[in-house]
Amino acid sequence: MVQQLLAWALGPSGMKILDWYVANSLAVNTVVVAAAILALVFPRHNKRVQAFLGALWAKTPFALSPQDRKAVDAVRARYEARKRSGKAK
């Protein structure tokens, strides 16, 4: 019953990804745990990695345009102002 609900929720593509994850879970989980440990042990390098990934993301077609970036920054500034005033939930 749960498996049928999961198959319905994920769809055919999601089930393929889940099957791949189950088949390779040891390798995937090892990489995730190793990355988490490295991020905790070397926090200075974490900032460099984040900067590198941000620069890499900016080169992709998914990156925000300058107009979108300004809009996001404006919304973030309004939210921060509301949070400082105690009105944000």
Side-chain angles (χ1 to χ4, degrees):
M1 177 76 160
V2 173
Q3 188 175 7
Q4 289 175 345
L5 180 64
L6 186 65
W8 173 80
L10 292 177
S13 299
M15 286 303 293
K16 287 180 184 177
I17 293 170
L18 180 62
D19 290 339
W20 178 86
Y21 171 75
V22 168
N24 300 300
S25 60
L26 179 63
V28 172
N29 290 340
T30 301
V31 169
V32 169
V33 169
I37 289 171
L38 288 173
L40 290 173
V41 172
F42 301 109
R44 281 185 51 207
H45 296 290
N46 189 18
K47 295 290 184 189
R48 281 191 214 156
V49 169
Q50 287 178 354
F52 171 76
L53 291 176
L56 188 64
W57 181 261
K59 295 177 184 177
T60 66
F62 305 111
L64 295 176
S65 68
Q67 295 86 6
D68 291 339
R69 173 59 51 204
K70 286 181 184 177
V72 168
D73 290 341
V75 169
R76 183 176 292 135
R78 284 195 307 263
Y79 174 75
E80 290 297 325
R82 288 186 65 203
K83 197 162 97 173
R84 282 191 298 272
S85 70
K87 294 181 181 179
K89 293 183 182 186

Side chains of residues 48-62: which donor-acceptor partners sit under 3.5 Å, not counting sequence neighbours?
residue : atom : partner : partner atom : Å
Arg48   : NH1  : His45   : ND1          : 3.4
Thr60   : OG1  : Trp57   : O            : 2.6
Thr60   : OG1  : Phe62   : N            : 3.4

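- For Leu18, the side chain to side chain contact (heavy atoms under 4.5 Å, CB included) partners are Leu6, Leu10, Met15, Val22, not counting sequence neighbours.
- Atom CG in Leu5 sits 7.0 Å away from atom CH2 in Trp8 (nearest 0.5 Å).
- By the criterion of side-chain heavy atoms lying less than 4.5 angstrom apart, applied directly or through intervening Ile, Leu, Val, Met, Phe, Trp or Tyr residues, Val33 is grouped together with Leu38 in one hydrophobic cluster.
- Under the side chain to side chain contact (heavy atoms under 4.5 Å, CB included) criterion, Thr30 pairs with Leu26, not counting sequence neighbours.
- Residue Met1 belongs to no hydrophobic cluster, having no ILVMFWY side-chain heavy atom closer than 4.5 Å to its own.
- Taking the side chain to side chain contact (heavy atoms under 4.5 Å, CB included) definition, one finds that Ser25 meets it with Tyr21, Asn29, sequence neighbours left out.
- Applying the side chain to side chain contact (heavy atoms under 4.5 Å, CB included) criterion to Val72, with sequence neighbours excluded, gives Leu64, Arg69, Arg76.
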